[in-house]
Structure formats: structure tokens, C-alpha cells
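Residue numbering restarts at 1 for every chain, and letters A, B, ... go by the order of the sequence lines.
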2 protein chains.
Amino acid sequence: MYYYIHMSNPFGTYIRTQREARRQNDSSFSVRQLATRIGVEPSYLSKVERGETPPPSEEKIRRLANELNDDPDVLLAMAGKVSTDLQDVIRRRPALFASLLRDLKDAPEHAVLRLVREVRDGEW
Amino acid sequence: MYYYIHMSNPFGTYIRTQREARRQNDSSFSVRQLATRIGVEPSYLSKVERGETPPPSEEKIRRLANELNDDPDVLLAMAGKVSTDLQDVIRRRPALFASLLRDLKDAPEHAVLRLVREVRDGEW
DNA sequence: GCTCATGTGTATATAGTAGTACACAGTACC
DNA sequence: GGTACTGTGTACTACTATATACACATGAGC
């Protein structure tokens, strides 16, 4: 017997919006059918979309991202989570990546992107 | 009624080692007194050190790091966790930081450090 | 040899996570 | 106008996280 505090709910709202958009052209994007495809009970997906229950597990969020053609990292972020593979990167070299992230915390997007590009071009 | 699978236990082992090292010169680093200072029951800290129970919460780990003069990020990593403030950095710009981290995942330490230095010197 | 601190065993509590099972009322469609 | 699918309400479950409370035997120091 408990209540889920029902504030804003960015994750569920976004999922519902995306699902209904897809549904215009594809009737298989009903709550029931999508729920079945990602492997949960329809009533559960319904509750998640309405924010009556917290977002599902990382795995289910990944399947949602896949079905809805969305970036899993972005959906996970909306759900208040961080991908476990990213957490693993940090956990293997905590001091190093902690300082990198804290330094880049407020860096403008283009600056970070430049670093990404530098790294990708193999400049090290 | 459950058992904690008691494999390797890097966190507890490390804490015990550090605590006993400190205790050579300072008798206040007994299980009981340290537990009291960080705000947990002595029997709980004992179980954590012996790996009978999983590592404590982030907050308690931070207090341990403080008492033992250790890097909180490193202790958290040993406990299989990532600091919530770092998770927040990623969650605010998930696509950006996800790609950065995945690209740097296997980069050699000195290359990452060079980036840290670049950023610190404000080259953006 | 008594006191007091020490480490640890046993039992238990509470919240959060991550769902399932099933029934029920509305709607679509043919 | 019956069939079949839809969204959702109600009730329940199992497991994990994060601990507390207290008792007990041991050992060290005065």
C-alpha cells in the first residue's frame, strides 16, 4: 500500500508521446502490443507512461529505445539513470575519469565535441 | 533469511587493511570507534569489512574516505558505485558525455590527462 | 581478578526496485 | 450486435539496499 509521488514524470510523458506518434502510422504501437514486444505487462507500461510507477529497468528502457528509435542514453537519463557500461568506464579508473568529468561539467558543448573529435582522430 | 555471496570483497578487505594500519598509531581506529564516528553500528561495519554484507551507502563511504584519508571516488569504485554528482554530469548531457566516455574508455592514462590539462588551462 | 572495551553473531526493520496476474469497462469494426 | 482488442484499476510478490538493536565471549590493562 504505497503512493508514487507523481511530479512531472518526464520519462513516461515522453514515452507516451513517442508511442502515440508512431501509432499514427502503425497500429502495433498500442500499449498492449508495445508492452508485449519489450517484455512487460501492458498494465505496467500504462502505469509507467502515466508516472504512477517509476521508470523500468535499464534493460527494458533499452528495448523501448530500440522500438521507438531513440537514443538509449537519453532515455536512461530521462529515467534518472546512467548506462552501466558508462559506470564501468568510470569505475575502472575512478580518479582519472572523475577529474575529467568534473572539469568538463560546465564546458560548452563545442569544446567537448572538439575533444571527442581529437580522440576519434587518434591524436594520442 | 538470505546469504550474501562472499566472493573476493575488495571493498571490505581494503577498509579493514587501512583501518588496521591507522590503528598502529591511533587506538581510536577500532571497529567500534570508527563505526561510531561514521555513524553506523559497530556490528555493521564489522560485517562490511568481512564482506558479510554489501558495502554501505554512498554517504557512509564518503565519511569512511574522510576518516581514512582516501579518495572517495576510489572507495566508491571499489564498492561498485559511481558518485551521484558524476552521474548528474552525464545525465544532464547524456549523448555528449556518453560518446566522450566510450571514446576514452581504452585511451592511455597520459592521453586523458593531457585532455584534463587542456581543459583546465581553459583552452576552449 | 575486575573492569571495560573489543569484535562479532543473531534477529529484525523499512524503503525502494521491478515488476506480475487478472479483471473490468470502453471502443472499433465488420 | 457480438468479437476482439484497448487502456487501466486493484492486489500482490520477490528481491535488494541499508541498515539497527542487543547480546555474548574474548582479551587487555590496571
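In terms of the salt bridge (Lys or Arg N to Asp or Glu O under 4.0 Å) criterion, Arg32(B) has no residue partners (sequence neighbours excluded). Applying the salt bridge (Lys or Arg N to Asp or Glu O under 4.0 Å) test to Arg93(A) and every residue at least two apart in sequence or in another chain returns nothing. In this structure Arg37(B) satisfies the salt bridge (Lys or Arg N to Asp or Glu O under 4.0 Å) test together with Glu67(B), sequence neighbours excluded. Partners of Arg16(B) by side chain to side chain donor-acceptor pair (under 3.5 Å), not counting sequence neighbours, listed by chain and number: Glu49(B). Taking Asp26(B) as the reference, Ser28(B) meet the side chain to side chain donor-acceptor pair (under 3.5 Å) condition, with sequence neighbours excluded. Partners of Ser83(A) according to the side chain to side chain donor-acceptor pair (under 3.5 Å) rule, which considers only residues two or more places apart in sequence or in another chain, are Arg62(A), Asp85(A). Residues satisfying the side chain to side chain donor-acceptor pair (under 3.5 Å) test with Asn66(A), not counting sequence neighbours, are none.
Residue Ser43(A) is the one, among Ser43(A) and Glu41(B), whose nearest nucleotide of DNA chain D lies closer to the 5' end (criterion: closest heavy atom).
Contact of Lys47(A) with dT10(D) (side chain to base): a donor-acceptor pair of N or O atoms is detected under 3.5 Å.
Contacts between residues 29-40 of chain A and DNA chain D, counted as heavy-atom distances below 4.0 Å, involve Ser30(A), Val31(A), Arg32(A), Gln33(A). At a non-hydrogen distance threshold of 4.0 Å, nothing from residues 67-86 of chain A comes into contact with DNA chain D.
Whole-Å rounding puts the Leu45(A) CG to dG19(C) P distance at 12 Å. Rounded to whole Å, the distance from CD on Glu49(B) to C1' on dT8(C) is 11 Å. For the pair Glu52(B) CD and dA11(C) P, the interatomic distance rounds to 12 Å; values are reported in whole Å. In this structure, Tyr44(B) atom OH and dG7(C) atom P are separated by 18 Å, rounded to whole Å. The CD1 atom of Ile61(A) sits 12 Å away from the C1' atom of dT17(C) (whole-angstrom rounding).
Under 3.5 Å, the side chains of Asp70(B) and Tyr14(B) contain a donor-acceptor pair of N or O atoms.
The CG atom of Leu86(A) lies 4.0 Å from the CZ atom of Arg102(B); values are rounded to the nearest 0.5 Å.
Residue Arg19(B) has no polar side-chain atom (N or O) positioned under 4.0 Å from OP1 or OP2 of dT6(C). At the phosphate of dA5(C), neither OP1 nor OP2 sits under 4.0 Å from any side-chain N or O atom of Arg23(B). At dG7(D), none of the side-chain N or O atoms of Arg16(A) fall inside 4.0 Å of OP1 or OP2 (strictly under the cut-off).
Residue Lys60(B) is in sugar-phosphate contact alone, with no base atom involved, counting any heavy-atom pair closer than 4.0 Å across all strands shown. Here Ser57(A) lies in heavy-atom contact (under 4.0 Å) with sugar-phosphate atoms only.
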